[in-house]
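Comments concern the structure below.
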Protein chains: 2
Amino acid sequence: MTEKAILLDSLRKAGLRLTPQRQAICELLAESREHPTAAMIYETLKPRFPSLSLATVYNTLEVLVRLGAVNVLGNAGDGMAHYDADTDPHINLACVSCHKIVDFPSQYVQFLDEEISATSGYRVLGARVLYYGLCPECQQKTSIARKEPDYDHRGNNA
Amino acid sequence: MTEKAILLDSLRKAGLRLTPQRQAICELLAESREHPTAAMIYETLKPRFPSLSLATVYNTLEVLVRLGAVNVLGNAGDGMAHYDADTDPHINLACVSCHKIVDFPSQYVQFLDEEISATSGYRVLGARVLYYGLCPECQQKTSIARKEPDYDHRGNNA
DNA sequence: TATAAAATTAGAATGATTACAGGGAAGAAG
DNA sequence: CTTCTTCCCTGTAATCATTCTAATTTTATA
């Protein structure tokens, strides 16, 4: 089952309607490796859905998060929440300077997941495994330019 | 070295002044197992420092995060960023219903940390290892009351 | 004590996210 | 194909955690 199909299916199973907007948002989430923000999704889809509202994007994301189909990574130094439709155990590496987020696979996360589900007593809905720091490129840039990496705490944050 | 001493030391090493406010914030962060928000820190310290400003709390937290002495966990469903002065590898379990965050020790996080530092090429400044879901108590509550768990995405988030 | 640099403070500004209200579309049933 | 019900979308207003700013106070140093 493709990632998109998984997202659509979780909506269907929850008895929610598969509107064109929701389908487009799911598709974008599934196919993007960008860990998009609500604003990025909105801007990307706006040409195809001129009447699209930011509120719809937020609503859909909220639903998907609540269903456990999408994880909220929180802000990556840009004051906006990033979303990840890949709920397989993996790590996200965020650069606090250029705000990019990349995936980093590790077998240990798999074990972690199983350990928590098995022994914590929590009903796990999602995870936020995010390491933040300076990516290789920005380490070079900042060591040359002596520019401070910026980091804010919104989010919110979060 | 106590956790408080570690925090104060990282300020000192960075050439920053150890003002009474900063010392109090460090002490609270070090001794609390609550993963406090800026607002919680402010409220707790206000009686002892009647002139304390929220801006000071945010400034100090920002400095400590930038120095890698404190991690930002992001919001736990309450729209505010939570902070964690325990930078030893461990997992945070957040309940999206009661907004409490508890620690969960696991040897795998240790391995994870080492793997990332060794092979990712990133200069790691901090981590946000947060699983969210329903804690045992809230699972009971919600299964009785059928009350939806709430979760928002602010960020900020986080 | 005088001086300069760094911190603190109060309050205003910012901006991502949420709440709200009215209008539309989708499905069920006849 | 209509009606009914329910859910969804949209635009806008409101919220509120966080950041910014300018002025004042504290600190370190000599």
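All of these numbers come straight from a predicted model, not from anything done at the bench. Hydrogens, waters and symmetry mates are skipped; everything else that's a heavy atom, side chains included, is used. First the proteins, then the strands, lettered A, B, ... as listed; each starts at 1.
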Any idea which heavy atoms bring [X] and [Y] closest together, and the distance?
X        : Y        : value
B:Met40  : B:Thr44  : O-OG1, 2.6 Å
B:Leu54  : B:Tyr42  : N-CE1, 3.6 Å
A:Ser120 : B:Pro136 : O-CG, 4.4 Å
B:Leu29  : B:Ala85  : O-CB, 3.7 Å
B:Leu67  : B:Ser10  : CD1-O, 3.5 Å

Whole angstrom value for the distance that separates [atom2] of [N] from [atom1] of [X]:
X       : N      : atom1 : atom2 : value
A:Leu16 : C:dG27 : CG    : P     : 13 Å
B:Leu18 : C:dA5  : CG    : P     : 20 Å
A:Leu64 : D:dC8  : CG    : P     : 12 Å
A:Arg12 : C:dG27 : CZ    : C1'   : 15 Å
A:Asn75 : C:dT17 : CG    : P     : 9 Å
B:Glu62 : C:dT8  : CD    : P     : 13 Å
B:Met80 : D:dT19 : CE    : C1'   : 17 Å
A:Leu54 : C:dT17 : CG    : P     : 9 Å

> So, B:Asp86 and B:His35: side-chain donor and acceptor under 3.5 Å apart, yes or no?
Replying inline: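 The answer is no; no qualifying pair exists.
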>> Once ring-ring contact (aromatic ring centres under 6.0 Å, His included) is applied, do any residues pair with A:Phe49, and if so which ones, sequence neighbours excluded?
In response: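 A:Phe49: no ring-ring contact (aromatic ring centres under 6.0 Å, His included) contacts found.
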> Salt bridge between B:Arg33 and B:Glu3, side-chain N to carboxylate O under 4.0 Å?
Replying inline: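 Salt bridge: yes.
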> What bend angle does the helix from C:dT1-D:dA30 to C:dG30-D:dC1 show across its length, from five-pair end axes and to the nearest 10 degrees?
Replying inline: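 Overall, the helix from C:dT1-D:dA30 to C:dG30-D:dC1 bends by 40° from one end axis to the other.
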Tabulate below the donor-acceptor pairs under 3.5 Å that side-chain atoms of residues 17-25 of chain B make, not counting sequence neighbours, or state none.
| residue | atom | partner | partner atom | Å |
| --- | --- | --- | --- | --- |
| B:Thr19 | OG1 | B:Arg22 | N | 3.2 |
| B:Arg22 | NH1 | B:Arg17 | O | 3.0 |
| B:Gln23 | NE2 | B:Leu18 | O | 3.0 |

>> Any side-chain to backbone donor/acceptor pair from A:His82 onto A:Asn75? Under 3.5 Å, distance only.
In response: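 Checking the backbone N and O of A:Asn75 against the side chain of A:His82, no donor-acceptor pair under 3.5 Å is found.
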Any side-chain N or O of [X] under 4.0 Å from OP1/OP2 of [N]?
X       : N      : result
A:Tyr58 : C:dT18 : no
A:Thr56 : D:dT10 : yes
A:Gln21 : D:dT10 : yes

> Is there a residue in residues 27-53 of chain B whose heavy atoms reach under 4.0 Å of DNA chain C, and which residues are they?
Replying inline: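 B:Ser51, B:Leu52, B:Ser53 - these, ordered by number, are the residues of the stretch whose heavy atoms sit under 4.0 Å from the strand.
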> B:Glu34: what forms a salt bridge (charged side-chain N to carboxylate O under 4.0 Å, His left out) with it, not counting sequence neighbours?
Replying inline: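 B:Glu34 satisfies salt bridge (charged side-chain N to carboxylate O under 4.0 Å, His left out) with no other residue.
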> When every nucleotide of nucleotides 21-26 of chain D is labelled 5' to 3' by its protein contacts under 4.0 Å (heavy atoms), B for base, S for sugar-phosphate only, - for none, what sequence of letters results?
Replying inline: ------
